[in-house]
Amino acid sequence: MGAKTLYDKLWDSHLVKQREDGTALIYIDRHLLHEVTSPQAFEGLRLANRQPWRLVTNLATPDHNVPTTLTERAAGVKGIDDDIARIQVMTLDENCDSFNITEFEINDARQGIVHVVGPEQGATLPGMTVVCGDSHTATHGAFAALAHGIGTSEVEHVLATQCLIQRKMKNMLVRVDGELGPGVTAKDVVLAIIGKIGTAGGTGHAIEFGGSAIESLSMEGRMTICNMAIEAGARVGLVACDQTTIDYIKGRPFAPQGEHWDLAVNAWQDLKSDDDAQFDTVVELRAEDIEPQVSWGTSPEMVTSVNGQVPDPEKAADETQSKSWLRALEYMGLAANQQITDIRLDKVFIGSCTNSRIEDLRAAAEVIKGRKVADTVKEAIVVPGSGLVKRQAEAEGLDKLFTEAGFQWREPGCSMCLAMNADKLGAGEHCASTSNRNFEGRQGWGGRTHLVSPAMAAAAAIAGHFVDVRHF
Amino acid sequence: MQKFTVVDGIVAPMDRANVDTDLIIPKQFLKSIKRTGFGPNLFDELRYEDEGYPGKDPESRTLNPDFVLNQSRFKGAEVLLARQNFGCGSSREHAPWALVDFGFRVVIAPSFADIFYNNSFKNGLLLITLDDAIVDRLFQAVEQQPGYQLHVDLESQQVRTPEGESYAFDVDPFRKHCLLNGLDDIGLTLQDADAIRAYETKQASQAPWLFADQQ
């Protein structure tokens with residue numbers, strides 16, 4: 001047998017059947033569900049009179065649509081003001097009840113963003129295949145799990161068969177060696193990677209993130225990186241399993257115990273690419289070259305250093321890029337060559353499956369401690385990724401730091417990352433956001449998103465415009 | 001799933017790279033628990049000048065006259081001509097549902113995002129990847145000739161222009177088979193139920209911590 005990449009190993013260990021036409025049946029160990037992409041799948045099961053293949057592999061929680069204010073959350077699902085959002089969350093509850101699937105309902109302390117909840121519960125384990133009807137499922141690859149987003153037809157397919165029909169992807173390695181400077185975080189690393197390879201740079205590939213800078217990251221940081229693999233076009237992001245991974249998982253509710261734990265830890269030692277494994281594409285970055293990043297446009301690849309300028313469409317590489325930049329500048333209300341630090345913010349959002357874990361909240365709290373949100377910022381909100389993250393932050397007194405500074409402290413959910421609930425931008429408003437997508441209208445009709453790290457978002461909230469958090 | 005064999009359709013051009021699924025169908029419409037009815041909100045933010053929300057009567061809204069799908073020459077279009085990385089972003093299957101519900105049967109582009117590509121074939125929407133240079137030529141032809149149509153034949157994997165030029169395209173044999181016959185792939189996978197059970201038995205001994213429920 002030749003040397004294998006981590007992706008090759010995960011693929012091989014989940015291969016149920018290789019078909020002659022080049023497709024393969026791949027077994028799924030963990031299926032996460034939420035309210036938006038599952039109702040039509042459950043309906044499909046019912047219409048075909050099918051049952052879930054293996055119930056215990058499924059875990060559900062509502063996240064996209066749930067309100068984040070305490071007033072609206074107090075009455076549980078019945079208290080959701082928006083009629084169709086309420087029906088969708090209730091439909092998830094009913095489907096999980098009738099098919100007997102474990103669900104953390106809206107006011108369960110374990111409820112939260114599905115990609116925060118899975119790892120937090122130990123429901124995501126190294127060596128697993130993990131899927132969910134959500135493109136940010138790549139997050140779970142931080143645990144050396146083969147994890148990717150699927151559509152609703154595939155949600156139904158996994159429920160009914162415990163398998164997916166797949167073709168093997170290519171292997172890409174993104175190596176980041178060296179030491180990240182103070183104030184430079186996992187978010188800055190992944191934005192810099194996307195800036196370098198582009199939003200389609202990883203299409204058709206599973207990206208493994210490696211190198212000393214990645215190895216030195218916490219699990220939270222690795223999740224932030226893998227989360228945004230999809231913004232580089234790759235469905236799958238991966239980081240090898242090491243002691244940091246194992247230490248994170250130990251003792252979590254769904255993690256193996258006793259004899260099973262020892263067997264698992266032993267097997268997990270092999271969850272890394274072999275030294276001489278071949279990758280189809282290799283991209284290298286130096287950690288020392290990465291500065292705090294800010295996106296200026298309407299695609300995650302439209303990103304630059306906080307000390308940079310908005311680019312000039314006249315200097316674009318080709319006509320397609322020039323048109324895209326022009327259109328982005330018009331939508332964002334920015335001028336070519338404008339300093340990033342001159343962009344003024346109307347709103348600040350700290351949350352999302354990219355950056356709503358305890359480490360993210362600590363980093364933001366550290367920056368705002370003893371300071372006040374600028375008068376010109378209309379709204380600054382912190383939305384913890386889960387009820388348990390919220391509880392932990394409150395135990396550390398972070399909620400007080402945020403509220404004293406003028407931030408709102410909210411209930412867990414996806415919130416303003418995609419603005420399906422009431423948390424959104426108004427037309428023309430600029431937002432420093434720790435989320436993952438700056439597409440047109442993503443955070444609200446006409447809203448203007450700038451993707452940044454939690455520390456950078458916190459500093460921008462205080463200053464009222466972007467600032468280099470390293471000198472703040 | 002609707003079968004796909006041959007389509008002779010008017011071509012509508014979407015001259016913009018990296019069209020994301022938020023643009024194809026904005027999130028407020030994802031609260032529906034149905035698979036149908038997304039057509040009126042396809043490209044909502046480009047198509048209308050006012051903000052859309054579920055239940056808003058399309059007749060009451062202000063159309064953006066500059067947007068291609070609002071121009072009479074593209075009325076009834078079944079083929080969408082697009083640029084690179086079409087369908088990037090979220091995994092929402094509502095994107096192909098909206099395209100199909102609007103009446104599109106084919107999207108032609110130099111490249112597509114992975115998840116959107118999978119989702120489209122499961123809904124009878126044929127995605128065709130052609131070289132940049134060919135896509136450029138098609139954009140010019142559509143611009144110059146009102147009512148420009150393409151003939152798309154899945155069986156022979158050919159796109160034919162009114163001028164008589166033919167372009168071959170690749171398609172995965174399994175996807176082609178499902179599309180030509182309108183097949184439900186869950187039924188096909190369940191034909192391999194024994195292989196799935198055999199895998200589970202093997203894994204339960206090799207990775208017992210993942211199969212604690214079966215011991």
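Letters A, B, ... mirror the listed sequences (proteins, then strands); counts begin at 1. The structure displayed is predicted, hence computed values, not measured ones.
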Which portion of A:Arg437 sits near chain B, non-hydrogen atoms under 4.5 angstrom: side chain
A:Val155 and B:Glu93: CA distance, side-chain angles, deciding distance, side chain to side chain contact (heavy atoms under 4.5 Å, CB included) verdict: CA-CA 10 Å; A:Val155 169; B:Glu93 199 158 315; over 6 Å; no
A:Leu125 versus chain B, the contacting section by heavy-atom distance below 4.5 Å: side chain
Rounded distance (nearest 0.5 Å) linking atom CG of B:Asn18 with atom CD of A:Glu301: 5.5 Å
Which portion of B:Asp184 sits near chain A, non-hydrogen atoms under 4.5 angstrom: side chain
Heavy-atom closest pair, residues B:Asp114 and A:Gly233: OD2-O, 3.8 Å
4.5 Å side-chain heavy-atom contact, A:Leu25 and B:Asp192: yes
Which portion of A:His14 sits near chain B, non-hydrogen atoms under 4.5 angstrom: both
Engaged part of B:Asp185 at the chain A interface, taking heavy atoms whose separation is under 4.5 Å: both
Min side-chain heavy-atom separation B:Leu190-A:Arg50 under 4.5 Å: yes
Side chain / backbone / both / neither for A:Ser153 at chain B, heavy atoms under 4.5 Å: both
Interchain contact, A:Ile165 with chain B, by part (heavy-atom threshold 4.5 Å): side chain
Interface moiety of B:Asp50 toward chain A, non-hydrogen atoms closer than 4.5 Å: backbone
Beyond-backbone contact of A:Leu263 with B:Pro208, side-chain heavy atoms, under 4.5 angstrom: yes
Part of B:Ala193 lying under 4.5 Å from any heavy atom of chain A: both
Side chain to side chain contact (heavy atoms under 4.5 Å, CB included) evaluation trace for B:Glu200 with A:Arg54: CA-CA 10 Å; B:Glu200 287 178 325; A:Arg54 195 170 152 225; 3.7 Å; yes
Stepwise salt bridge (charged side-chain N to carboxylate O under 4.0 Å, His left out) check, B:Arg83 with A:Asp318: CA-CA 14 Å; B:Arg83 294 291 185 185; A:Asp318 55 45; over 6 Å; no
Contact class of A:Arg30 relative to chain B, heavy atoms under 4.5 angstrom: neither
Distance in Å, A:Ser299 OG paired with B:Asp20 CG, rounded so as to fall on 0.5 Å steps: 8.0 Å
Residue among A:Glu156, A:Lys323, A:Gln162 with most heavy-atom pairs under 4.5 Å to chain B: A:Glu156
Main-chain N/O of B:Ile196 paired to A:Lys17 side chain as donor or acceptor, under 3.5 Å: no
Interface moiety of B:His94 toward chain A, non-hydrogen atoms closer than 4.5 Å: side chain
Structural part of A:Val36 lying under 4.5 Å from a heavy atom of chain B: both
A:Glu259, part contacting chain B, at a heavy-atom distance under 4.5 Å: neither
Residues A:Trp53, B:Arg197; criterion side chain to side chain contact (heavy atoms under 4.5 Å, CB included); working and verdict: CA-CA 10 Å; A:Trp53 180 278; B:Arg197 286 194 197 95; 3.9 Å; yes
Heavy-atom pair count under 4.5 Å with chain B, highest-scoring of A:Phe42, A:Trp261, A:Tyr27: A:Tyr27
Contacting moiety of A:Asn421, where chain B heavy atoms sit under 4.5 Å: neither
Min side-chain heavy-atom separation B:Leu30-A:His64 under 4.5 Å: no
Inter-residue atom distance A:Thr37.OG1 - B:Asn119.CG, 0.5 Å rounding: 10.0 Å
B:Lys202 atom NZ, over 12 foreign heavy atoms within 6.0 Å: yes
Pairwise distance OH(A:Tyr331) to CD(B:Glu45) - rounded to 0.5 angstrom: 6.0 Å
Region of A:Ala419 that comes under 4.5 Å of a non-hydrogen atom in chain B: both
Mutual orientation of the aromatic rings belonging to A:Trp268 and B:Trp209 [parallel < 30°, tilted 30-60°, perpendicular > 60°]: perpendicular
Nearest-0.5 Å distance, CZ of residue B:Phe174 to CZ of residue A:Arg167: 10.5 Å
Interatomic distance, A:Asp83 atom CG to B:Lys31 atom NZ [nearest 0.5 angstrom]: 10.0 Å
Part of B:Leu23 lying under 4.5 Å from any heavy atom of chain A: side chain
Side chain / backbone / both / neither for A:Met169 at chain B, heavy atoms under 4.5 Å: neither
Which atoms of B:Gln206 approach chain A - backbone, side chain, both or neither, heavy atom under 4.5 Å: neither
Interchain contact, A:Thr137 with chain B, by part (heavy-atom threshold 4.5 Å): neither
Chain A contact via B:Arg35 - side chain, backbone, both or neither, heavy atoms under 4.5 Å: both
Side chain, backbone, both or neither of A:Thr161 within contact of chain B (heavy atoms, under 4.5 Å): both
Part of A:Gln443 lying under 4.5 Å from any heavy atom of chain B: backbone
Chain B interface, residue from A:Thr199, A:Ile230, A:Thr320, A:Thr57 that has the most non-hydrogen pairs under 4.5 Å: A:Thr199
Residue part contacting chain A, namely of B:Phe116, when any heavy atom lies under 4.5 Å: neither
